Amino acid sequence: MKKRNFYAGPSILNEGVIKNTAEAVLNFAGTGLSLMEVSHRGKEFSAVMAEARSLFKELLDIPEDFEVLFLGGGASLQFYQSALNFLKTKAAYLDTGSWAHKAIKEAKLVGEVEVVGSSEADGYKYIPEYKAPTGVDYFYYTSNNTIYGTEIRKDPEVSVPLISDMSSDIFTREIDWSKYNLVFGGAQKNLAPAGVTFVVVRKSALGNTGRILPTMLDYNTHIKKDSMFNTPPVLPVYTALQTMKWYKELGGVKAIEKRNQAKADELYGAIDSSKIFQGYAQPEARSLMNVTFVMKDEYKEKEAEFLDFATKAGCIGIKGYRTLGGFRASIYNGMDLEGVKQLTQAMKDFENKL
Ligand SMILES: *Cc1c(COP(=O)(O)O)cnc(C)c1O
């Protein structure tokens with residue numbers, strides 16, 4: 001039986017992508033050396049970095065004024081770095097979950113923060129209503145709330161520039177770049193193994209805070225050096241490129257979006273038609289990436305048993321986030337419909353044997 005990876009992150013990668021990376025680990029680009037031991041300044045790896053940056057732009061139709069960077073530090077460092085580079089006096093934030101909460105905490109170290117909406121009191125089950133902010137440097141939102149399974153799939157309608165943490169739903173929809181100054185994310189959800197952070201930044205919007213920045217935290221440092229100011233995470237960048245080549249083969253983000261909708265329909269359909277399961281996130285806020293669900297009260301004590309049953313049926317990593325309980329099936333781009341069906345079959349089989 002095939003094992004299916006439903007972990008939230010690090011998470012599933014396409015099998016062909018893993019194979020290509022494994023081959024390069026043994027013999028990179030015909031050099032006879034491992035990808036892990038070659039110089040990042042050599043012509044072979046320089047070509048990988050250049051292609052990864054340009055394919056990223058191509059797949060998401062990113063305009064000229066933006067640069068794509070592959071950095072270290074994770075999305076968590078971007079919480080601070082984004083504010084450092086863009087927060088002059090005041091910024092607006094939408095509190096939709098733990099990651100947004102953490103971003104707010106870091107931004108407060110830099111300047112004034114206005115939280116325009118929060119669904120914290122309701123366990124972050126939905127995207128809160130908010131009044132479009134004005135007179136702020138930017139509006140920050142988390143496009144997909146990996147822990148709670150809610151998602152904002154439409155670029156917010158506001159009159160100030162947007163900044164977004166798209167760690168867990170990058171490459172799942174088209175983005176209207178005219179609204180953005182910055183999009184970033186950890187690559188370990190939809191792109192690569194852990195260790196690299198993608199940053200898409202509008203060049204002309206930089207340098208307006210009047211702040212003197214530490215070298216490594218200044219986006220301009222990395223822009224000037226084509227994302228090779230210091231040693232980049234070579235292996236994850238290589239894998240990111242393989243994943244993007246596969247995205248292109250699939251037909252790009254439009255095709256991926258269709259594929260993801262079919263997967264989500266299959267899983268949410270199974271939850272909604274079940275006697276024993278129910279969704280966690282409110283239906284109108286449901287994420288296409290992280291599907292959160294629990295057992296109805298009268299079956300609650302069966303959760304551990306189902307977890308074990310699903311694992312034996314090859315569905316790995318569906319345990320809910322530690323503070324939330326229940327289940328979370330992450331069905332990122334790397335997951336195919338067959339994988340999702342393996343899980344919905346396990347859910348039906350479990351219910352039938354009760
Ligand atoms: C995983 C995740 C993060 C944290 O990423 P790191 O690279 O571990 O710092 C931040 N935001 C979102 C939305 C995530 O899913």
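If you're wondering where the values come from, they're calculated on a predicted model, not measured in any experiment. Whatever order the structure lists ligands and atoms in, that order sets their numbers, starting from 1.
Ligand 1 lies under 4.0 Å from heavy atoms of Gly74, Ala75, Ser76, Phe79, Trp99, Thr142, Asn144, Thr146, Asp165, Ser167, Ser168, Gly186, Gln188, Lys189.
Checked against a 6.0 Å centroid threshold, the rings of Phe45 and Tyr238 do not count as neighbours.
For the side-chain contact (heavy atoms from CB on, under 4.5 Å) with Leu191, the qualifying choice from Thr239, Asn333, Val196, Thr243 is Thr243, the only one to do so.
The pair Lys203-Glu67 meets the salt-bridge criterion, since a charged nitrogen lies less than 4.0 angstrom from a carboxylate oxygen. In summary, Lys302 and Asp308 do not engage in a salt bridge, as defined by a charged side-chain N under 4.0 Å from a carboxylate O.
Checked against side-chain hydrogen bond (donor to acceptor under 3.5 Å, both in side chains), Asp95 has the following partners two or more places apart in sequence or in another chain: Ser118, Tyr124.
A donor atom on one side chain and an acceptor atom on the other are not found under 3.5 Å apart for Asn260 and Thr172.
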